[in-house]
Amino acid sequence: QVQLVESGGGSVQTGGSLRLSCAGSGYAYSIYYMAWFRQAPGKEREGVATITSGGGTTYYADSVKGRFTISRDNAKNTLYLQMNSLRPEDTAMYYCAAGGPSTWYFSLARDKYDYWGQGTQVTVSS
């Protein structure tokens, strides 16, 4: 049974930092590409950052480039999102997702992902 469990969300003030984690189990974690998505109330779910299965390539949405960093530890089956310089517009439910298997692919498109976590809430106040 595939499971993705996010943690690390919370409430911070503008300019603050948070580190999200996503623990995966029940599938061949190290050969799946992964991503973080977010969804604010009344808005579409959008891709934030993605990473290849080995972690060698990353890609970010323009809105978070230079502020967020995606990484993974395949030995621990865990995906991370370090979020710095947070803004009120970053407020959303954050989801991790896994797709593949592939050793080279990465994407911010929702339909390229097979497995999703339940989400963790991030709230940034001004």
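Note that the structure is a prediction, hence the values are computed from the model and not measured.
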Residue that, paired with Ser30, satisfies side-chain contact (heavy atoms from CB on, under 4.5 Å) out of Asn77, Asn74, Thr103: Asn74
Would you mind reporting whether [Y] and [X] have side-chain heavy atoms less than 4.5 Å apart?
X: Val64; Y: Arg38; result: yes
X: Val48; Y: Phe68; result: yes
X: Leu108; Y: Tyr59; result: yes
X: Met83; Y: Ser17; result: no
X: Leu20; Y: Val122; result: yes
X: Ile51; Y: Thr57; result: no
X: Tyr95; Y: Gln39; result: yes
X: Thr58; Y: Thr50; result: no

Atom CD of Gln118: over 12 foreign heavy atoms under 6.0 Å: no
Within 6.0 Å of NZ in Lys65, more than 12 heavy atoms from elsewhere: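 Yes, the 6.0 Å shell around NZ holds more than 12 heavy atoms from other groups.
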Salt bridge (Lys or Arg N to Asp or Glu O under 4.0 Å) assessment of Arg87 paired with Asp90: CA-CA 5 Å; Arg87 305 167 180 169; Asp90 296 318; 5.3 Å; no
Co-membership, hydrophobic cluster, residues Met93 and Val124, 4.5 Å side-chain: no
Within one Ile-Leu-Val-Met-Phe-Trp-Tyr cluster: Val2 and Ile31, side-chain cutoff 4.5 Å: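 Same cluster.
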NZ/NE/NH1/NH2 to OD/OE distance under 4.0 Å, Arg110 and Glu44: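 Between Glu44 and Arg110 there is a salt bridge, with a charged N closer than 4.0 Å to a carboxylate O.
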Quick one: [atom1] on [X] to [atom2] on [Y], what's the gap to the nearest 0.5 Å?
X: Glu89; Y: Ser63; atom1: CD; atom2: OG; value: 9.0 Å
X: Leu81; Y: Ser21; atom1: CG; atom2: OG; value: 9.5 Å
X: Glu6; Y: Cys22; atom1: CD; atom2: SG; value: 5.0 Å
X: Cys96; Y: Leu4; atom1: SG; atom2: CG; value: 4.5 Å
X: Met34; Y: Ser53; atom1: CE; atom2: OG; value: 11.0 Å

Looking at every non-hydrogen atom in both residues, tell me the closest pair between [X] and [Y] and how far apart they are.
X: Ser107; Y: Ala35; answer: O-CB, 4.1 Å
X: Arg67; Y: Ser85; answer: NH1-O, 3.0 Å
X: Ala61; Y: Gly47; answer: CB-O, 3.5 Å

Under a 3.5 Å distance rule, please check whether [X] uses its side chain to pair with a backbone N or O of [Y] as donor and acceptor.
X: Thr52; Y: Tyr105; answer: no
X: Gln82; Y: Thr69; answer: no
X: Tyr29; Y: Thr78; answer: yes
X: Thr91; Y: Thr123; answer: no

Ring geometry between Tyr32 and Tyr27 (parallel below 30°, tilted from 30 to 60°, perpendicular above 60°): perpendicular
Parallel, tilted or perpendicular: rings of Phe37 and Tyr113 (30°, 60°): perpendicular
Axial cation check for Phe106 ring with Lys112, 6.0 Å and 45° limits: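 Not flagged: Lys112 not positioned over aromatic ring of Phe106.
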Test: Arg45 cationic atom under 6.0 Å from Trp116 six-membered ring centre, within 45° of axis: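 The answer is yes; both the distance and angle limits are met.
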Side chain to side chain contact (heavy atoms under 4.5 Å, CB included) assessment of Arg72 paired with Tyr80: CA-CA 6 Å; Arg72 64 191 295 166; Tyr80 303 99; 5.7 Å; no
